[in-house]
Enquirer: 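Below is the structure I would like to discuss, written out as structure tokens.
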Amino acid sequence: MIDTAYTAPQEVARLQRAALIVGIVGLLALGAGAFFEPLQFWRSYLVGYLLWAGIAIGALALLMLQHLTGGGWGLVIRRVLEAATRTLPLMLVLFIPILLGAHSIYSWTNAEVIAAHPALQEKVRYLNLTFFSVRAVIVFAIWLLLAFFLNRWSRQQDLTGDRALAKKMRVLSGPGMVLFVFTVTVAAIDWVMSLDPEWSSTIFGLLFVAAWSLSALAFSIALTAWLTKREPMAHVVAALHFHDLGKLLLALVMLWAYFSYSQFLIIWSGNLPEEIRWYLPRTHGTWGVIALVVVILHFALPFLFLLSRRFKRDPHKLVLVAVLILIMRYVDLLWVVAPNFPGTGFHLSWMDLVAPIGFGGVWLAAFSRQLRSRPLMPLNDPQLPSVLEQAHEHHESEDFIEEASA
Amino acid sequence: MAEFDNPTDLVAAARRTYQAGYRRINGYSPYPIEELSEAIGFTHTALPIIVLIGGVLGGLGGFFMQYWMEVINYPLNVGGKPYNSWPAFIPITFECTILCAALAAVFGMLALNKLPQPYHPVFNAPNFALATRDSFFLVIEASDRKFEHDAVMKFMSGLGPKDLVDVEV
């Protein structure tokens with residue numbers, strides 16, 4: 001009846017092969033683009049990279065969150081989150097080109113630009129390529145270490161069933177969460193905010209904490225909904241889990257909107273030339289239209305749908321909002337990053353489309369490979385029996401409701 | 001009224017009662033049991049729509065309260081910004097939405113439950129005080145269309161309760 005080893009269904013292997021082909025073709029096409037339009041290439045590379053690295057990094061936050069809170073929702077997505085964090089070494093490798101191409105991406109690497117802006121001369125002690133690289137190494141080292149231990153202990157728990165491991169993971173997750181906020185703040189400021197080295201916003205790091213966690217949750221929901229159509233997860237995941245995941249999605253959508261709006265409101269109120277400079281190109285012309293689209297499709301529409309209890313409990317509907325949010329994460333990143341690249345006004349290139357698909361393919365292939373390598377449920381987690389029992393009762397009561405209404 | 005030892009028996013009994021065609025049934029338990037409300041056929045409540053209306057009215061009220069103050073009643077030039085500085089109105093609009101939605105939730109819940117209710121016949125049952133401690137109760141109310149005293153007592157004793165009592169209305 002129920003596969004107690006929880007091996008991933010065949011479709012995951014198929015997804016891995018298909019994603020790898022799409023990913024390699026996409027990245028090769030993007031690489032070819034570097035020879036035609038190098039600046040456009042770097043813009044597309046950075047946005048595509050940030051979108052998928054954000055899912056891997058955000059998964060680390062959700063993984064620690066579910067260790068801290070416990071609960072069935074966390075248990076059913078834990079293996080998805082763990083597999084996502086095991087793609088971090090790949091994201092480290094894909095970060096190396098950004099370091100190599102920093103001269104084409106970040107204006108503060110250019111001595112002439114620094115000489116022309118007195119404010120920048122004060123910032124070069126922080127914003128220089130050596131320290132930038134050191135910081136990237138440190139934040140990646142912290143993420144990789146957290147991911148390494150959480151994955152290793154979770155695997156040991158599968159094999160030995162040692163009850164102390166659950167506590168170990170919980171104890172690491174508390175300080176890990178604090179470290180996470182600091183490291184993401186450093187990464188967000190370095191990788192994105194420094195595109196405009198004279199502009200600063202103190203909420204920028206938190207904005208990425210929310211945005212990346214949101215990306216990871218939307219991805220986990222979409223993937224779990226897909227897995228739930230198949231055995232063995234069809235027996236494990238019930239409407240109540242999607243209900244909880246939907247509630248968390250609503251909370252993160254609102255958190256992201258709250259941080260975004262806080263940044264906008266404070267800068268709008270202050271109305272200082274050096275601050276509003278960041279918003280002016282982003283709220284006028286075509287970028288202004290895109291800003292409106294982001295407000296509606298990244299916040300208002302998901303917010304309204306996620307209010308409904310029935311909507312959150314139906315994986316077929318919830319997955320639509322999750323995919324919409326993933327697409328809007330890309331649009332939002334493009335809106336944040338692209339206007340800082342040379343070339344006035346709005347323009348899109350074929351590379352803007354190829355980059356997220358290429359990175360997505362390669363990332364999904366690595367993710368599927370990791371997901372297949374372990375059981376889809378933590379086998380010996382202390383919470384597992386009660387979660388399974390609850391799911392079983394739940395499926396029974398759903399059958400009952402269907403009978404009763406028929 | 002039937003008394004049970006544990007929630008699983010209560011939910012199972014409630015399902016069988018619902019399937020037997022009884023509709024005016026109720027369960028009492030020391031803590032919330034998610035399956036129970038579905039088992040007694042309590043699937044719809046007007047509360048979400050009441051909360052939504054409360055939230056929408058609160059949001060509109062919050063926004064236009066500020067609009068009326070800043071634009072109509074006492075226009076004040078703040079930093080050269082337009083009177084209708086809607087970005088600055090959003091936080092208070094948001095707070096008013098939450099306030100009114102929360103008030104609608106609390107009072108809507110009380111109204112739908114017909115609370116406060118100083119008297120209810122179930123309190124006549126001798127063991128009923130245990131409903132707040134460690135006992136689980138299932139009631140078929142006499143106002144049920146299918147209610148027929150002897151048949152109900154026979155049916156409920158078939159549910160295997162720990163105890164079965166007849167409550168005076």
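Worth saying up front: this structure is predicted, and the values here are computed from it rather than measured. Note on naming: letters A, B, ... go to the chains in the order of the sequence lines (proteins, then strands), and numbering restarts at 1 for each one.
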Enquirer: Does OH in A/Y279 sit with more than 12 non-hydrogen atoms of other residues, nucleotides or ligands closer than 6.0 Å?
Expert: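 Enclosed: over 12 neighbouring heavy atoms sit under 6.0 Å from OH of A/Y279.
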Enquirer: To the closest 0.5 Å, what do you measure between CZ (A/R309) and CG (B/L47)?
Expert: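 So the CZ of A/R309 and the CG of B/L47 are separated by 11.5 Å.
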Enquirer: Would you say B/F147 has more than 12 foreign heavy atoms packed within less than 6.0 Å of its CZ?
Expert: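 For B/F147, atom CZ is crowded (more than 12 foreign heavy atoms under 6.0 Å).
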Enquirer: How long is the gap from CD1 on B/I90 to OH on A/Y258, to the nearest 0.5 Å?
Expert: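 Here the interatomic distance stands at 14.0 Å.
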Enquirer: Please flag which part of A/F264 lies under 4.5 Å from any non-hydrogen atom of chain B: side chain, backbone, both or neither.
Expert: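 Contact with chain B is through the side chain of A/F264 alone.
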Enquirer: Looking only at atom types and distance, does a side-chain atom of A/Y261 sit under 3.5 Å from a main-chain N or O of B/P87, one as donor and one as acceptor?
Expert: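 Yes.
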Enquirer: Tell me if the CD1 atom of B/I49 is crowded by more than 12 foreign heavy atoms within 6.0 Å.
Expert: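 Atom CD1 in B/I49 is not packed in, count stays at 12 or less.
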